[in-house]
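As structure tokens, the structure follows; a few thoughts come after it.
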Amino acid sequence: MSEKPFRIVVLISGSGSNLQAILDELHVPHGTGAECVLVVSSHAEAAGLQRAEAVGVATQVVPMADHPNREARDDTLAQVVAEADPDLVVLAGFMSILTANFLGRFPDRVINLHPSLLPSFPGVDAIGQALQWGVKITGVTVHFAEVEVDAGPPVLQEAVPVRYGDDQASLTARIREIEHRLLPAAIRLFADGVVTRDPGDRRQVSIGSEGELG
Ligand code: GAR
């Protein structure tokens, strides 16, 4: 493990239960070599901000309403995030579309958490979409964030069964449980430096020695 901590910036919009999982599993006192250096919220009232403040992590709020358009918001957001000098930016329940003004500043360094097995059920209310479809299996995806929403290549995915009689609350609870394990696991892989995008086919992501098998 290198001397310099692996610096994570987490973007949130709401309750921040996944931020909590990151703070519980990876943050400084756990000796993982990773450090959450900043949490940025799109909303001042996001409960996740208190989770960060409770463990002394710096917070900022960058509301859409303070900007004339999405690009201007993303310029501000990029500036705020860049000042924290992140190795990885984690979208953990950040519910606002990001443009190239933000994503272009952190190439291959932004990951997103999504509550379905992408490419099924992108966009809002992925869990409700899965229930409406009546699928038997949904899941969780951690993927590279790109300008096209929920379309960047996956880093980790895990299936979650949908049980007969599941409703939004029961399926959300089962998905959250997986998210709280999968997102910190993905971040750890980045901190360990073992995640690689194939330069010849950037949709192919290898983990560790996987890239050497072919
Ligand atoms: C999580 O389930 C995450 O997958 C989802 O928002 C929730 C945030 O929960 N994100 C998306 O749907 C993005 N398209 P949290 O605030 O308790 O971490």
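For ligands, and for the atoms within them, numbers begin at 1 and follow the listed sequence. The figures here come from the full heavy-atom set of this structure, side chains too, leaving out hydrogens, waters and symmetry mates.
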Which N/O atoms of ligand 1 sit under 3.5 Å from a protein N/O, and at what distances?
from, atom 1, to, atom 2, distance (Å)
ligand 1, 2 (O), Arg176, NH1, 2.8
ligand 1, 2 (O), Glu179, OE1, 2.9
ligand 1, 2 (O), Glu179, OE2, 3.0
ligand 1, 4 (O), Glu179, OE2, 2.4
ligand 1, 14 (N), His114, ND1, 3.1
ligand 1, 16 (O), Ser15, OG, 3.4
ligand 1, 16 (O), Gly16, N, 2.8
ligand 1, 17 (O), Ser15, OG, 2.6
ligand 1, 17 (O), Ser17, N, 2.9
ligand 1, 17 (O), Ser17, OG, 2.6
ligand 1, 18 (O), Ser17, N, 3.3
ligand 1, 18 (O), Asn18, N, 2.9
ligand 1, 18 (O), Asn18, ND2, 2.8

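- The list of salt bridge (Lys or Arg N to Asp or Glu O under 4.0 Å) pairs with a residue in residues 154-172, not counting sequence neighbours, reads Glu158-Arg181, Asp166-Arg174.
- The distance from atom CG of Leu49 to atom CD of Gln60, rounded to the nearest 0.5 Å, is 10.5 Å.
- A salt bridge is absent between Arg105 and Asp74; no separation between the charged side-chain nitrogens and carboxylate oxygens falls under 4.0 Å.
- For Phe94, there are no ring pair (Phe, Tyr, Trp, His ring centres under 6.0 Å) partners at least two apart in sequence or on another chain.
- In this structure, Glu71 contributes its side chain and Ala100 its backbone to no donor-acceptor pair below 3.5 Å.
- For Asn18, the side-chain hydrogen bond (donor to acceptor under 3.5 Å, both in side chains) test picks out Glu179, with sequence neighbours left out.
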